[in-house]
Chemist: 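Below is a structure I'd like to ask you about.
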Amino acid sequence: MGLIASVLALFGCDQRKVDEALNRAGQTARSVWQSVQPDSMMFKGIEPGVSTEDDLRRQAGQPEIAWEEESGERRLEYPRGPEGATTWMVTIAPDGKVRSIEQVLTAENFQRVRAGMSEDTVRRMLGKPTRVEAFALKREKVWGYRWWETSQDKAFFNVHFGDDGRVTHTSRSDDPSRMQGG
């Protein structure tokens, strides 16, 4: 009731303005829900080969980024950070239908990261990092990805880049939330 009373107080009886304000409030509420909904609800009802990109965006919201591939496919990135430990990549076929939905923060994908890869290649593979740190004295940048190392424990997979923006090596570190005072 408070929202409706506020809208009426702001716009009086101008029905068009009231409708617009309620629509914006609904869109905001939808956007907030899409950003915090559990992973199990994110793609509910989305079926590869059947659902369209529009269906996906209505259910999961706007992706962080949409990558255009040479094949005509689109790869939509849905990171669940900064505290989350999953990143979803959804492949859209050239016909506009969902081809696949994949959680990319996995040991198998981390093993594919190789020295010499560019930042762009790593971003397309793993998505937006949870944290980015620069170490001036070491002349490196480190992208950290929080992930479920076991079904009970989160950790960080770290990708180290040199001055040239290329991977030099990778490492693992404990999730700060597991440490005293973290």
Side-chain angles (χ1 to χ4, degrees), residues 28-44 46 48 53 56-57 59-71 73-92 98-182:
T28 299
R30 232 179 341 273
S31 178
V32 168
W33 165 247
Q34 289 165 338
S35 71
V36 299
Q37 68 183 319
D39 283 4
S40 62
M41 297 291 294
M42 195 166 173
F43 303 109
K44 187 175 182 170
I46 302 299
E53 183 174 343
L56 171 73
R57 287 176 184 253
Q59 177 61 29
Q62 296 302 311
E64 176 76 21
I65 195 166
W67 305 96
E68 303 293 333
E69 305 294 345
E70 289 179 17
S71 65
E73 292 180 333
R74 294 167 43 80
R75 192 162 157 99
L76 281 57
E77 177 184 325
Y78 288 92
R80 304 297 287 165
E83 296 302 317
T86 57
T87 293
W88 297 89
M89 294 286 189
V90 180
T91 302
I92 305 296
V98 172
R99 176 167 287 165
S100 65
I101 302 170
E102 175 188 16
Q103 199 292 102
V104 296
L105 300 183
T106 65
E108 295 78 24
N109 276 344
F110 296 156
Q111 290 172 359
R112 294 176 41 216
V113 177
R114 299 278 183 249
M117 285 183 166
S118 70
E119 290 180 1
D120 183 64
T121 300
V122 173
R123 175 71 193 262
R124 285 175 176 257
M125 185 186 306
L126 301 177
K128 180 180 180 179
T130 305
R131 66 180 181 203
V132 175
E133 298 175 290
F135 299 94
L137 293 177
K138 290 179 83 176
R139 298 175 57 156
E140 76 173 0
K141 185 181 342 176
V142 180
W143 289 4
Y145 293 89
R146 178 179 278 121
W147 72 297
W148 286 102
E149 189 171 50
T150 70
S151 62
Q152 301 294 314
D153 296 312
K154 293 178 187 174
F156 269 88
F157 174 74
N158 304 299
V159 183
H160 300 253
F161 296 95
D163 282 343
D164 61 356
R166 300 273 173 189
V167 174
T168 58
H169 64 285
T170 63
S171 66
R172 181 225 174 264
S173 58
D174 287 332
D175 185 339
S177 67
R178 293 182 61 199
M179 297 176 214
Q180 186 78 14

Chemist: Restricting to non-hydrogen atoms, name the atom on V159 and the atom on V167 that form the minimum distance, rounded to 0.1 Å.
Modeler: CG1-CG2, 3.7 Å

Chemist: Side chains of D120 and W67: does their closest heavy-atom pair fall under 4.5 Å?
Modeler: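 A side-chain contact exists here, since the closest heavy-atom pair is under 4.5 Å.
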
Chemist: Mind checking whether V90 and Y78 have side chains closer than 4.5 Å, heavy atoms only?
Modeler: yes

Chemist: Is P176 close to F156 at the side-chain level, that is, under 4.5 Å between some pair of heavy atoms?
Modeler: yes

Chemist: If you define the side chain from C-beta out and look only at heavy atoms, does anything of L56 sit under 4.5 Å from I92?
Modeler: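 In short, these two side chains touch, coming nearer than 4.5 Å.
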
Chemist: If you look at every heavy atom in W148 and K154, which pair is closest and at what distance?
Modeler: CZ2-CE, 3.2 Å

Chemist: Salt-bridged, E68 to R74, with N to O below 4.0 Å?
Modeler: yes

Chemist: With sequence neighbours excluded, tell me which residues meet side chain to side chain donor-acceptor pair (under 3.5 Å) with Q103.
Modeler: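 So Q103 forms no side chain to side chain donor-acceptor pair (under 3.5 Å) with any residue.
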
Chemist: Check salt bridge (charged side-chain N to carboxylate O under 4.0 Å, His left out) between E77 and all other residues, then give those that pass, not counting sequence neighbours.
Modeler: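 Scan of E77 (salt bridge (charged side-chain N to carboxylate O under 4.0 Å, His left out), adjacent residues dropped) gives R123.
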
Chemist: Within a strict 4.5 Å, meaning less than it, do heavy atoms of the L126 and W143 side chains meet?
Modeler: no

Chemist: Taking G127's backbone N and O only, do any of them form a donor-acceptor pair with T87's side chain (distance below 3.5 Å, no angle check)?
Modeler: no

Chemist: Taking only Lys NZ, Arg NE, NH1 and NH2, and the carboxylate oxygens of Asp or Glu, determine whether K138 and E133 approach each other closer than 4.0 Å.
Modeler: no

Chemist: Is there a donor-acceptor pair under 3.5 Å between the side chain of R166 and the backbone N or O of D163?
Modeler: no

Chemist: Check this for me: does any side-chain nitrogen of one of E53 and R57 sit under 4.0 Å from a carboxylate oxygen of the other?
Modeler: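 Here E53 pairs with R57 in a salt bridge, since their nearest N and O are under 4.0 Å apart.
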
Chemist: Tell me whether R131 at atom CZ has more than 12 heavy atoms from other residues, nucleotides or ligands lying less than 6.0 Å away.
Modeler: yes

Chemist: Is the shortest heavy-atom distance from the side chain of M117 to the side chain of R124 under 4.5 Å?
Modeler: no

Chemist: Using atom types as modelled and distance alone, determine if a side-chain donor or acceptor of N109 lies under 3.5 Å from a backbone N or O of V104.
Modeler: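 Yes; judged by distance alone, with no hydrogens or angles, the pair exists.
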
Chemist: Could you give the distance from OH (Y145) to CZ (F110), rounded to the nearest 0.5 Å?
Modeler: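 Those atoms lie 8.5 Å apart.
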
